[in-house]
Amino acid sequence: MPTSLPGRASATRGERFAVLDPATGEAFDEAPHQQPDELDAVVERAHEAWLSWRADSLARSKALLAAADAVEAAGTDLAPLLTREQGKPLAESYAEIARAAARLRYFAELDPGPQKITDGRPVRSEVRWRPLGPVAAIVPWNFPLQLASAKFAPALAAGNTMVLKPSPFTPLATRLLGSVISTALPEDVLTIVTGHEPLGARLASHPGIRHVTFTGSIPTGRAVAEGAAASLARVTLELGGNDAAIVLDDVDVERIAERLFWAAFRNCGQVCMAVKRVYAPARLYSQVVEALAQRAKTVVVGAGLDPGSQLGPVNNAPQLARVERYTAQALADGARVAAGGHRLDRPGYFFAPTILADVPPASAVVTEEQFGPVLPVLPYRSLDEAVEAANDTGFGLGGSVWGTDLDRAEAVADRLECGTAWINHHAELSLAQPFAGIKESGVGVAGGPWGLYGNLRPFVVHRPEEA
């Protein structure tokens, strides 16, 4: 695996940090630990590269299409490395790489052309779109490559350059992805920097950065926004969710159980827009709990590189401790374990897929984002009660409604206070749609043309019809 960063932004002081395999809990490689004061030179080179990168939209499109081809060609190198450091099953790593390539192609073909303004005056007005400059991206450990591409694809397509920092839990596949993409891009258009804090804080507050895009926790998101405010840089923040799934009383439980289970447990529950709470009608409650528990008991949990594994480990020790803490607190609050409820007795960060029943609504596993393989199921007596409970949260990323009458389900979905609502499925996104949260789940919009324009600023030219 390449050890130098794309372009010239390599670690020069020889400091490195260990990267652990979550399936064993042991170090298997190292990554460079760059220092915050190295960012001045990195950002300056990104600015220099921007001056020519922004000038030719056709060249940018061709370069991004070539980068997509390079990513696909490198899949057999990228996927095992991603699984090794993140933990997810190998098939999911390949899917993540395919998504990254598809996103590069999608944004390479979007054209933010000029827009004429007609307002009855004898003036020809035109809105033209200009890039912002060097952009910073800070990416978490749950979908390192997919979320990295969600940030660099629109930013680069818009004519910006980018300095991207992955999580120190998952730096290796992102570094390799940067090296692969750099074969198709001019030097310093995309730079990957790795290291522990305060590297990310310094990047977010760097005066040479014009836009900061971040995915992660609410407290860190606030800190990123505060840092970016010093230079009045634009911010896009995706800060997680506590998505509710409302099961209606006309549902066929067995028909939806498999989809509902995986909507909560894909990537070991480490998905910002995963189902994290299920509300089921009282008369179907036991049936819903049992259907989900049966799947939790039979799903194959193991190392992501194991061909038979359906669910991998939690990514890191702090997150495993969080999952254990929320589960223990729920049990202390009076919850009942329908499946799982404990750490698996093996090396690595494995936690049994867990379904919790009879959970008090005020328990932290309901009110907070557990971000792991634990799902509380709560009963409701009336639909108004279910909608009120689903909306009674500071989060507002996504939600879903499950039922047979689609018109009725859509009417319920329309009452959810979130950025995206699904009917009879969850957490499925098109590259062409906007993705945004409300409340504490985020600021700004990613995805589709909205994501592209979030990386541009309008420039208006007024010209009289006659001299």
Q: Evaluate the side chain to side chain donor-acceptor pair (under 3.5 Å) criterion for residues Lys151 and Thr215: first the C-alpha distance (whole Å), next the side-chain angles of each, then the deciding distance (0.1 Å), finally the verdict.
A: CA-CA 10 Å; Lys151 299 182 185 306; Thr215 299; 2.9 Å; yes
Q) Could you walk me through whether Arg415 and Glu388 pass the salt bridge (Lys or Arg N to Asp or Glu O under 4.0 Å) check? A) CA-CA 9 Å; Arg415 298 171 62 187; Glu388 182 180 356; over 6 Å; no
Q: Output, in order, the C-alpha distance, side-chain angles, deciding distance and verdict of side chain to side chain contact (heavy atoms under 4.5 Å, CB included) for Phe265 and Val275.
A: CA-CA 8 Å; Phe265 285 90; Val275 170; over 6 Å; no
**Q.** Worked verdict on Leu375 versus Val278 for side chain to side chain contact (heavy atoms under 4.5 Å, CB included)
**A.** CA-CA 8 Å; Leu375 180 65; Val278 173; 3.9 Å; yes
Q: Test side chain to side chain contact (heavy atoms under 4.5 Å, CB included) on Phe214 and Leu239 and set out the steps.
A: CA-CA 8 Å; Phe214 167 82; Leu239 304 180; 3.6 Å; yes
(Q) Show, in sequence, the C-alpha distance, side-chain angles and deciding distance for Gln370 and Arg325, and conclude whether the side chain to side chain contact (heavy atoms under 4.5 Å, CB included) test is met. (A) CA-CA 9 Å; Gln370 66 272 35; Arg325 183 171 67 253; over 6 Å; no
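The shortest heavy-atom contact between Gln86 and Asn267 is OE1-OD1, 3.4 Å. Here the closest non-hydrogen pair linking Asn315 and Pro22 is O-CB, 3.2 Å. Considering every non-hydrogen atom in both Asp243 and Gly399, the closest pair reads OD2-N, 4.0 Å. Residues Asp21 and Phe28 share a closest heavy-atom pair of N-CD2, 3.6 Å. Contact record, Ala31 with Pro171: CB-CG, 3.7 Å, taken as the closest heavy-atom pair. Between Ala338 and Val289 the shortest heavy-atom distance is CB-CG1, 3.7 Å.
Annotation: side chain of Ile218 is in contact with side chain of Phe395 (closest heavy-atom distance under 4.5 Å). Within the 4.5 Å cutoff, the side chain of Pro281 has heavy atoms near those of the Val247 side chain. For the pair Val301 and Arg346, the minimum side-chain heavy-atom distance is below 4.5 Å. You'll find the side chain of Lys116 stays beyond 4.5 Å of the side chain of Val127, heavy atoms only. Side-chain contact check for Leu416 versus Val401: some heavy-atom pair is nearer than 4.5 Å. Between Trp422 and Met273, some side-chain heavy-atom pair lies under the 4.5 Å cut-off. Counting only heavy atoms from C-beta outward, the side chains of Thr191 and Met162 never approach each other to under 4.5 Å. Looking at heavy atoms from C-beta onward, Arg128 lies out of side-chain contact with Gln115 at the 4.5 angstrom threshold.
The line from CD of Glu385 to CG of Asp392 is 11.5 Å long, rounded to the nearest 0.5 Å. Here the CZ-CG distance, from Arg175 to Leu164, works out to 12.5 Å after rounding to the nearest 0.5 Å. With rounding to the nearest 0.5 angstrom, the CG atom of Asp250 is 9.0 Å from the CG atom of Leu284. To the nearest 0.5 Å, the span separating OH on Tyr349 from CG on Leu320 amounts to 8.5 Å. Note that the CD1 atom of Ile209 and the OG1 atom of Thr161 stand 7.5 Å from one another [nearest 0.5 Å]. One distance of note links CG of Leu292 with CG of Leu356; it measures 11.5 Å at 0.5 Å rounding.
One side chain, Arg277 or Tyr279, offers a donor N or O that lies under 3.5 Å from an acceptor on the other. When only modelled atom types and interatomic distance are considered, Lys439 and Thr393 share no side-chain donor-acceptor pair under 3.5 Å. With hydrogens and angles left out, the side-chain atoms of His211 and Thr236 include a donor and acceptor closer than 3.5 Å. Using modelled atom types and a 3.5 Å distance limit, the side chains of Lys88 and Ser93 yield no donor-acceptor pair.
The backbone N or O of Pro360 lies less than 3.5 Å from no partner atom in the side chain of Asp333, so there is not a single donor-acceptor pair. Judged by distance alone, with hydrogens and angles left aside, the side-chain atoms of Thr220 form no donor-acceptor pair with the main-chain N or O of Gly216 at under 3.5 Å. Looking only at distances, a side-chain donor or acceptor of Thr298 sits under 3.5 Å from a matching main-chain atom of Gln294. The backbone N or O of Asp358 lies less than 3.5 Å from a partner atom in the side chain of Tyr285, making a donor-acceptor pair. Looking at Asp405, its side chain does come within 3.5 Å of a backbone N or O of Asp407 through a donor-acceptor pair. Arg60 contributes a side-chain N or O that, together with a main-chain N or O of Ala157, makes up a donor-acceptor pair within less than 3.5 Å. Between the side chain of Arg234 and the main chain of Val212, no donor-acceptor pair closer than 3.5 Å is present. Using a distance-only test at 3.5 Å, with no hydrogens or angles considered, a donor-acceptor pair links the side chain of Ser430 to the main chain of Ala432. Panel note: side chain Ser149, backbone Gln146; a donor-acceptor pair is recorded below 3.5 Å. Not one N or O on the side chain of Arg408 forms a donor-acceptor pair closer than 3.5 Å with the backbone of Thr404.
Taking the centre of each ring, Phe107 and Trp450 stay at or above the 6.0 Å mark. Remark: aromatic rings of Trp129 and Tyr453 are close, center separation under 6.0 Å.
Atom NZ of Lys62 sits in a sparse spot, with 12 or fewer heavy atoms from other residues, nucleotides or ligands closer than 6.0 Å. Environment of CG in Asp345: sparse, with no more than 12 heavy atoms of neighbouring residues, nucleotides or ligands closer than 6.0 Å.
Between Arg295 and Glu254, at least one side-chain nitrogen of the basic residue sits less than 4.0 Å from a carboxylate oxygen of the acidic one, meeting the salt-bridge criterion.
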